[in-house]
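Because the structure is predicted, anything quoted here is derived from the model rather than measured. Lettering of chains follows the sequences in order, A, B, ..., and the numbering in each one begins at 1. Below, each value reflects all heavy atoms present in this structure, side chains not excepted, and no hydrogens, waters or symmetry copies.
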Number of protein chains: 2
Amino acid sequence: MSRPTIAGVARAAGVSVASVSRVLNGLPATEEMVERVQRAVQELGYVPDARARSLKVGRTFQLTLAVADVGNPVYVTMMRAVEEIVSAAGYRLVVTTTGPDVVDEVALVRGMARGYADGLLISPIRVDEDLVKSIRECEVPVVVAGNVPAKAGVDTVRANSPKGMLLAVDHLVAQGRTRIAFLNGPADTVPGAARSKGFTEALKAHDLEPAALAEATDFTFAAGRATAPELLGGGFDAVICANDLLAVGLMHELAAAGLEVPKDVAVVGMDDSELAEQCFPTLTSVNLGSAERGRRAAELLLARIEDNERTPRRIVVQPSLSIRRSTP
Amino acid sequence: MSRPTIAGVARAAGVSVASVSRVLNGLPATEEMVERVQRAVQELGYVPDARARSLKVGRTFQLTLAVADVGNPVYVTMMRAVEEIVSAAGYRLVVTTTGPDVVDEVALVRGMARGYADGLLISPIRVDEDLVKSIRECEVPVVVAGNVPAKAGVDTVRANSPKGMLLAVDHLVAQGRTRIAFLNGPADTVPGAARSKGFTEALKAHDLEPAALAEATDFTFAAGRATAPELLGGGFDAVICANDLLAVGLMHELAAAGLEVPKDVAVVGMDDSELAEQCFPTLTSVNLGSAERGRRAAELLLARIEDNERTPRRIVVQPSLSIRRSTP
DNA sequence: TTGTATGCGTTATCAA
DNA sequence: TTGATAACGCATACAA
């Protein structure tokens with residue numbers, strides 16, 4: 001037995017399909033009509049087909065959130081914030097994962113033309129010409145949580161990494177740490193590049209030289225551990241890491257090397273994700289506003305779906321510092 | 001300008017829509033036809049509409065994975081495993097989150113009738129009659145990663161919590177720990193109930209009495225911290241926790257109380273998620289086979305989509321113990 | 001091999 | 001207020 005269609009309901013209720021559709025959509029109808037239709041719907045367990053509906057009305061009432069790595073806790077924060085906004089607006093949120101490769105991101109953006117959803121919220125980790133082009137030409141509204149060139153002509157909401165870096169360095173310097181090292185993620189990524197630049201500027205503002213630099217191959221715990229040894233022996237008393245996963249990976253290697261956090265080495269992460277308070281010692285971390293970025297991005301997406309002619313906005317969310325036990 | 005349809009491509013290529021469709025689906029056509037169609041597709045940037053297509057062919061080539069909490073790292077492991085299997089089979093995986101409430105799970109299962117996807121892989125945390133009913137009556141194939149009654153008549157792949165508990169207790173006893181406490185999640189959940197039962201049985205097998213018992217309100221880090229004080233002062237030398245998040249929450253409270261892990265108290269988690277090796281000290285954890293469960297569940301789902309008449313299978317994945325630094 | 005025509009399940013337009 | 005019917009974009013049975 002196949003699922004009942006609107007025609008089946010109409011037959012069972014002894015009315016026309018048009019009337020069933022009207023009742024289901026709350027359009028004017030007599031009380032008796034409403035009652036008859038609702039009973040038939042109930043009896044048959046009828047549920048409207050979303051594909052057919054969206055084919056007709058041109059909207060799916062679904063939104064897609066695309067992230068690079070579901071294992072990165074910063075996305076958890078963001079997803080929760082986005083979910084809250086879009087579900088309150090009556091949309092269903094579906095999450096897909098792209099992986100670290102830009103071609104997969106491009107494929108995903110292009111694929112939106114298939115009509116999966118009414119909008120896309122993407123947080124790209126690598127950005128190239130192709131991606132910018134695909135976003136600009138995307139058939140559905142796109143909002144980028146991250147940094148793409150203004151010429152992309154798209155709503156963006158991004159973090160202020162340099163400012164965040166400055167908060168971290170300010171804090172470390174105030175605690176008397178001046179030999180500061182930096183554990184970055186891949187420099188060919190958008191966040192990687194931004195944080196590298198921010199770190200350099202922040203040190204310059206304090207007239208400091210980097211004590212050591214290293215670049216992990218990914219923004220992951222495993223990469224943090226694997227890359228940490230490059231830093232060791234660098235004569236630093238503090239390390240800033242490009243995200244929390246890297247920081248936690250580093251802390252394990254520091255412990256293995258017999259260094260104590262924060263006594264011997266202070267550690268600062270970035271993202272202020274759930275992991276920052278789960279790890280031990282708890283991690284001082286730059287809050288780059290992932291929850292707020294999620295909220296704002298979701299709001300921009302909803303607004304653009306409402307009116308696609310509005311001029312693109314570029315929102316920057318300001319950072320703050322969450323001080324915990326990994327810094328003195 | 002609106003997106004091009006197959007009719008637009010046909011017009012541009014000077015052929016019929018049927019021919020375009022055939023070329024796009026790799027059906028026999030002359031070389032010239034293929035060439036003309038492909039050029040038009042290229043020029044217009046045509047992408048077929050998935051809704052219209054699936055409305056016609058009755059398949060979406062999408063699969064839905066529903067989890068309760070994206071913040072729980074055990075789901076990350078599972079999602080990665082599922083993603084690998086289904087994408088290799090040519091399906092697109094979308095993830096939705098249900099929250100801890102069973103009514104939302106039921107709504108999600110019922111909603112599958114809207115035709116969002118060709119199948120559903122769900123890992124329910126709470127199960128009641130309604131949920132079982134909705135799963136049994138679901139319009140698309142469902143596979144449950146977890147435990148539902150056999151009468152649901154559905155493919156399931158679940159963990160063996162009691163066996164896992166026994167591994168944990170065996171290990172602790174072998175290390176000389178006999179005053180073992182248990183920090184459970186909500187007992188009204190499927191995993192909560194299974195682990196409670198498993199714990200009792202495992203202690204009995206060793207002729208031991210529980211040193212202390214506590215029940216957190218959620219399977220989360222925050223709930224673990226909040227509930228830990230109920231355990232403290234219980235005179236235990238080891239604690240088994242119903243999952244890794246609870247264990248990490250507990251460890252923070254132990255540290256705050258001046259207790260050292262594993263010297264004063266040994267801690268064992270369950271799930272063996274990424275968090276177990278990220279936390280400090282690294283967490284001995286019962287591997288309940290989340291990756292394998294994800295793989296097997298995905299395979300079952302694909303098989304059932306292929307043939308919906310096959311008799312439901314109930315797979316049990318055997319646990320193992322990942323020993324780390326939180327136990328002596 | 002190619003084109004014409006029908007239907008997938010729904011909403012919206014038009015008459016009645 | 002209600003009903004018949006034409007799309008939405010695509011795939012396919014059938015005819016040419």
Side-chain angles (χ1 to χ4, degrees), chain A residues 1-41 44-62 111-118 139-140, chain B residues 1-41 44-62 111-118 139-140:
Chain A
M1 62 181 198
S2 173
R3 12 186 309 207
T5 77
I6 197 171
V9 175
R11 216 174 308 121
V15 300
S16 73
V17 293
S19 295
V20 176
S21 176
R22 272 191 293 262
V23 169
L24 261 36
N25 291 300
L27 297 176
T30 58
E31 214 161 298
E32 197 212 320
M33 174 65 82
V34 172
E35 210 267 334
R36 287 174 71 168
V37 168
Q38 282 179 346
R39 180 163 45 217
V41 165
L44 297 179
Y46 168 74
V47 178
D49 186 301
R51 298 165 302 198
R53 179 168 209 280
S54 78
L55 187 59
K56 188 67 184 134
V57 303
R59 297 181 68 166
T60 63
F61 294 96
Q62 292 203 177
M112 291 307 291
R114 293 177 184 277
Y116 293 131
D118 297 338
E139 311 289 341
V140 300
Chain B
M1 66 179 196
S2 173
R3 14 187 304 210
T5 76
I6 197 171
V9 175
R11 213 174 311 121
V15 302
S16 74
V17 293
S19 294
V20 176
S21 176
R22 272 191 291 263
V23 169
L24 260 37
N25 291 300
L27 297 176
T30 57
E31 214 161 301
E32 196 210 325
M33 174 63 82
V34 172
E35 212 266 333
R36 289 174 71 167
V37 169
Q38 281 179 345
R39 179 161 47 217
V41 165
L44 298 180
Y46 169 74
V47 178
D49 186 299
R51 296 166 303 194
R53 180 167 208 282
S54 77
L55 190 58
K56 188 69 183 129
V57 301
R59 299 182 66 166
T60 63
F61 294 96
Q62 292 203 177
M112 293 306 292
R114 293 176 185 278
Y116 293 131
D118 297 339
E139 310 290 341
V140 301

#### Entry: Boundaries of the chain B footprint along DNA chain C (any atom under 4.0 Å from a heavy atom)
C/dT1 to C/dG9
### Task
Let me know the distance between CD of A/E35 and P of D/dT2, rounded to the nearest Å.
13 Å
### Query
Under a 4.5 Å cut-off applied to non-hydrogen side-chain atoms, are A/R114 and B/P48 in contact?
yes
### Query
Rounded to the nearest Å, what distance is computed from the OH atom of residue B/Y46 to the C1' atom of nucleotide D/dA11?
10 Å
### Task
To the nearest Å, give me how far apart CZ (B/R51) and P (D/dA7) are.
19 Å
#### Entry: B/R53 and B/N25, any side-chain heavy atoms less than 4.5 Å apart
yes
### Task
Hey, could you give me the CG/CZ distance between B/L44 and B/R11, rounded to the nearest 0.5 Å?
9.5 Å
### Task
Give me the residues of residues 14-29 of chain B where at least one heavy atom lies under 4.0 Å from an atom of DNA chain D, by number, or none.
B/A18, B/S21, B/N25
### Query
Got a second to check how far A/T60's OG1 is from A/Y116's OH, nearest 0.5 Å?
12.0 Å
### Query
Toward the 5' end of DNA chain C, which comes first, B/E32 or B/L55, by nearest nucleotide?
B/E32
### Message
The test is side-chain contact (heavy atoms from CB on, under 4.5 Å); show your working for A/V15 and A/V20 and say whether it passes.
### Response
CA-CA 7 Å; A/V15 300; A/V20 176; 3.8 Å; yes
### Query
Between A/R36 (side chain) and A/A13 (backbone), is there a donor-acceptor pair under 3.5 Å?
yes
### Task
Calculate, to the nearest 0.5 Å, the distance between atoms CG and OG belonging to B/D49 and A/S54 respectively.
7.0 Å
### Query
Rounded to the Å, how far apart are A/R59 CZ and D/dC8 P?
19 Å
### Task
Would you mind reporting whether A/M33 and A/V23 have side-chain heavy atoms less than 4.5 Å apart?
yes
